[in-house]
Amino acid sequence: MNWGALSFVSVIKKTSLCCVFLMFIVMSEVNGQSTSTSFSSLLLPRTAELNGLGNVNASRADYNVNFFQNNPALSGDTLDGYASANHLFYFANTGLSSFAYQHHFDNLGSLSFGINHLSLGSIQGYDIYGNPTANYYSGETTVAIGKSHQISLFRFGVNVKGIFSNLAGYRA
């Protein structure tokens, strides 16, 4: 019996088993709170132009003051003093209203501000017997503050967002 060949085969089997196990760990998704089910307004584009781009823009910097809400590195000093207001109409009387403004401060530089409100309409409430009780109004409001900084050819950005959600009487 060749002990060198046997140990080599067992090492290969153990290594491949460890690689498969490690691959499952790397491929698993770990989230503190999934944004696909909570605070869905954070995933929506803020303007019709961004909607047309598929809600992904990585190339049009210093072009639109609204872009900072999806990517804070896209705002620069050239947008100081610009303001924008938008409303995107969705189906069933729902819509997203958005306001954005950028201002230059002497000590801090340029800061971007945004307020968004996703209106989800009203929901008729019923008791356990099927009798109508009250209308519940649902929506989400987001306040965003963004800052970008450029070093040589690279631009970095950060957003801080606060969100309030009211969905049929449940608040978060």
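Any value given below was found using the heavy atoms of this structure, including those in side chains, with hydrogens, waters and symmetry copies removed.
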Taking [X] for the side chain and [Y] for the main chain, is one N or O donor matched with an acceptor at less than 3.5 Å?
{"X": "D77", "Y": "S110", "result": "no"}
{"X": "T133", "Y": "G125", "result": "yes"}
{"X": "S138", "Y": "L120", "result": "no"}
{"X": "Q102", "Y": "H104", "result": "no"}
{"X": "K161", "Y": "G146", "result": "no"}

Nearest 0.5 Å, please: how far is [atom2] in [Y] from [atom1] in [X]?
{"X": "T142", "Y": "F164", "atom1": "OG1", "atom2": "CZ", "answer": "11.5 Å"}
{"X": "S148", "Y": "L74", "atom1": "OG", "atom2": "CG", "answer": "9.0 Å"}
{"X": "S75", "Y": "F68", "atom1": "OG", "atom2": "CZ", "answer": "7.5 Å"}
{"X": "N135", "Y": "I123", "atom1": "CG", "atom2": "CD1", "answer": "9.5 Å"}

Heavy-atom count check: over 12 atoms from other residues, nucleotides or ligands less than 6.0 Å from [X] [atom1]?
{"X": "Y137", "atom1": "OH", "value": "no"}
{"X": "F154", "atom1": "CZ", "value": "no"}
{"X": "N93", "atom1": "CG", "value": "no"}
{"X": "Y82", "atom1": "OH", "value": "no"}

Where is the tightest heavy-atom contact between [X] and [Y], given as atom of each residue plus distance?
{"X": "Y101", "Y": "V65", "value": "C-CG2, 4.1 Å"}
{"X": "F156", "Y": "I151", "value": "CE1-CD1, 4.1 Å"}
{"X": "K147", "Y": "G109", "value": "NZ-CA, 4.0 Å"}
{"X": "H117", "Y": "G139", "value": "CE1-CA, 4.4 Å"}
{"X": "A73", "Y": "R155", "value": "O-CD, 2.6 Å"}

Check: Among the clusters formed by ILVMFWY side chains lying less than 4.5 Å apart, do L118 and L88 turn up in the same one?
Finding: yes

Next item on the list: Look at the side-chain heavy atoms of Ile, Leu, Val, Met, Phe, Trp and Tyr, link any pair under 4.5 Å apart, and say whether V160 and I163 land in one connected group.
Entry: no

Next item on the list: Would you please say whether a donor-acceptor pair under 3.5 Å links the side chains of S84 and N66?
Entry: yes

Check: Any side-chain heavy-atom pair from P72 and N159 closer than 4.5 angstrom?
Finding: yes

Check: Given the rule in the side chain to side chain contact (heavy atoms under 4.5 Å, CB included) test, do N116 and Q69 qualify, once you have shown the distances and angles that lead to the verdict?
Finding: CA-CA 10 Å; N116 307 297; Q69 296 185 62; 2.5 Å; yes

